[in-house]
> 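Take a look at the following structure, please.
Here is the naming used below: chain letters follow the sequence lines, and residue numbers restart at 1 for every chain.
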Amino acid sequence: MPAVPLERRRLGARFASCVLAVASLAGCATKPPASDPQALADYRAANDPLEPTNRFFYGVNFTLDRYTFKPVAQAYVYVVPRPVRVSVHNLLVNIGQPVTLFNSILEGKPRRAGDTLVRFAVNSTVGIGGLFDVAKGLGYKQVDADGGLTLASYGIAPGPYLFLPVLGPSNPRNATGFALDIALSPYTYVPRGYGLLTFNWAIYGLGAIDGRSLVLHELDELNATALDPYATIRSAYQQSDRSRLRALEADQRSTPPDWYSR
Amino acid sequence: MPQMMIRRGLGRLALALSLATVLGRTAQADPATSAAFVHTLGDRLVAVVNESAPAAQKRDQLRPIIDQNIAVDDIARFCLGRYYPTATPAQQQQYVELFHTVLLNSIVGHLGSYRGVSFRVGRATAQADGDHVETTIFRPGESPTDVEWVIAPGTPKVVDVVAEGTSLRQTQRGDYTSYLDRHGGSVPTLIAALTRQVSHFQPG
């Protein structure tokens, strides 16, 4: 093996010490000793070696939520009547359909891609820009597809649990998937102009409030009843992640719909 | 796929019936029986929930239904995970009793404040940990939720509820074991926390 040049070795050492410094600042969870196999099994199942850092960001998020997102979402629910809120949600879902479509194609699920295309076409026209979910009445249910799920369908392991600021529960694979979704979204590629920038921010903001308003009751209940809300959210997120992948793999419907074969 | 499932189901049924004749005991629960059980249990729960009675009264009526049809003790033991054997028998009993109340409060919290709740029973499949019965619950003003009931083989009792892909038993276990990890494995501390929680519960 050729000798590594001195400079490369120094750089390598410097990089390694940087990583170690960041990791020690970040705080890794203490792994139970091998003499306690049950504790070790629980530790492995939780898959959260960065727990102290995650708990820190969870605290930041919780405080941020208490003073910004939650009051705004509560006001939104109080002021805006339910049918309008449902329409806003439908609109946001419809705007996100291109990403769902591309992810379904990448997942190798042409039936799901087809359903998404029909939903997008029908809801944008008959549903007036996506305000009304007409396609659901026709039997086309919303397809669950995002970057994280697409990467999971390729067999990529999720990696350790991460609680990201603002974005919330995640893991390295799903965070990469989130970036993938931004890359797949057609709105990212339209030339920048003041109008589009405002549109993008409005959609993100409205999406955040809409999303928050849908889980107001559940999150309140979670914080009231869970002894460790952080761990409860972690467990629920990891299970939901696995169950979405199972649901995707279980969807073995034929590509041509029934009416086509008749 | 359906042929495999039918064959598997028939295989299990055949095994169960042969066991029953040999041992003279009642046959193991099969998916159809579990589905019927969930249907009956659901009807009873919904009947109580849909009454126009005060929340406290509904709670008292729900308690016996839950205790008879849900394996609460088993779930309680499961939720404490590796810490259950470390508790004294007195602590274990205290914990299980508290868990009964916590579970009741949780169900009342999810269903009790609604009126006009209905549900539909879907597919029932036999799996390794029991029979999984899919249901959809319709609450007024909310979108339908998919809830899967896991019925233990043998006595028809609910051992787990899977709401939108999340097992409530697993989530609760994660909660309690994580709490105990951060409090030095002290079961009395957990019992005190649960007691506080139960005293703060406001029905309805």
> Under 4.5 Å between any side-chain heavy atoms of A/Asp228 and B/Thr177, yes or no?
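They are not in side-chain contact.
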> Count the heavy atoms of every other residue, nucleotide or ligand shown that sit under 6.0 Å from OH of A/Tyr154, and state whether that count exceeds 12.
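Yes, enclosed.
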> Under 3.5 Å, side chain of A/Gln239 to main-chain N/O of B/Ser167, donor-acceptor pair present?
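Side chain of A/Gln239 to backbone of B/Ser167: a pair is present.
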> Taking every non-hydrogen pair under 4.5 Å, which of A/Ser240, A/Ala231, A/Ala226 racks up the most with chain B?
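Counting heavy-atom pairs under 4.5 Å, the top option is A/Ala226.
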> At a 4.5 Å cut-off on heavy atoms, which part of B/Gln197 comes close to chain A: side chain, backbone, both, or neither?
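The side chain, not the backbone.
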> Flag yes if more than 12 heavy atoms outside A/Phe178 fall under 6.0 Å of its CZ atom; otherwise flag no.
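Open: at most 12 neighbouring heavy atoms sit under 6.0 Å from CZ of A/Phe178.
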> Taking atom OG1 of A/Thr225 and atom NE2 of B/His200, what is their separation to the nearest 0.5 Å?
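It is 13.5 Å, given to the nearest 0.5 Å.
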> More than 12 non-hydrogen atoms from neighbouring residues, nucleotides or ligands closer than 6.0 Å to NZ on A/Lys136, yes or no?
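Counting neighbours around NZ of A/Lys136, 12 or fewer heavy atoms of other residues, nucleotides or ligands fall under 6.0 Å, so no.
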> Take atom OH in A/Tyr76; do more than 12 heavy atoms of anything else shown fall under 6.0 Å from it?
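More than 12 within 6.0 Å, yes.
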> Write down the atom of A/Ser235, the atom of B/Thr171, and the distance for their closest heavy-atom approach.
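Closest approach of A/Ser235 to B/Thr171, heavy atoms only: OG-CA, 3.4 Å.
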> A/Ala224 versus chain B, heavy atoms under 4.5 Å apart: side chain, backbone, both or neither?
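Backbone only.
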> Can you measure from CG (B/Leu180) to CG (A/Leu227) and round to the nearest 0.5 angstrom?
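These two atoms lie 8.5 Å from each other.
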> Tell me if the CZ atom of A/Phe56 is crowded by more than 12 foreign heavy atoms within 6.0 Å.
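12 or below, so no.
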> Please indicate whether A/Arg253 has more than 12 foreign heavy atoms, meaning atoms of other residues, nucleotides or ligands, lying under 6.0 Å from its CZ.
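Yes, CZ of A/Arg253 has more than 12 neighbouring heavy atoms, counting only those of other groups under 6.0 Å.
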> Select one option (side chain, backbone, both, neither) describing which atoms of A/Arg242 are under 4.5 Å from chain B's heavy atoms.
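No part of A/Arg242 comes within 4.5 Å of chain B.
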> Measuring from B/Asp175:CG to A/Arg234:CZ, what's the distance to the nearest 0.5 Å?
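Taking CG in B/Asp175 and CZ in A/Arg234, the distance rounds to 10.0 Å.
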> Quick check on A/Glu221 against chain B: is it the side chain, the backbone, both or neither that has a heavy atom closer than 4.5 Å?
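The side chain, not the backbone.
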> To the nearest 0.5 angstrom, please state how far the OG atom of B/Ser178 sits from the CD atom of A/Glu51.
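Result: 5.5 Å between the selected atoms.
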> Look up atom OG1 in A/Thr232 and atom CG in B/Leu168, then write down how far apart they are to the nearest 0.5 Å.
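So the OG1 of A/Thr232 and the CG of B/Leu168 are separated by 11.0 Å.
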> Under 4.5 Å heavy-atom distance to chain A, tell me which part of B/Arg182 shows up: side chain, backbone, both or neither.
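Side chain of B/Arg182 only, per the 4.5 Å heavy-atom cut-off to chain A.
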> Quick one: CD on A/Gln38 to OG1 on B/Thr86, what's the gap to the nearest 0.5 Å?
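Result: 10.0 Å between the selected atoms.
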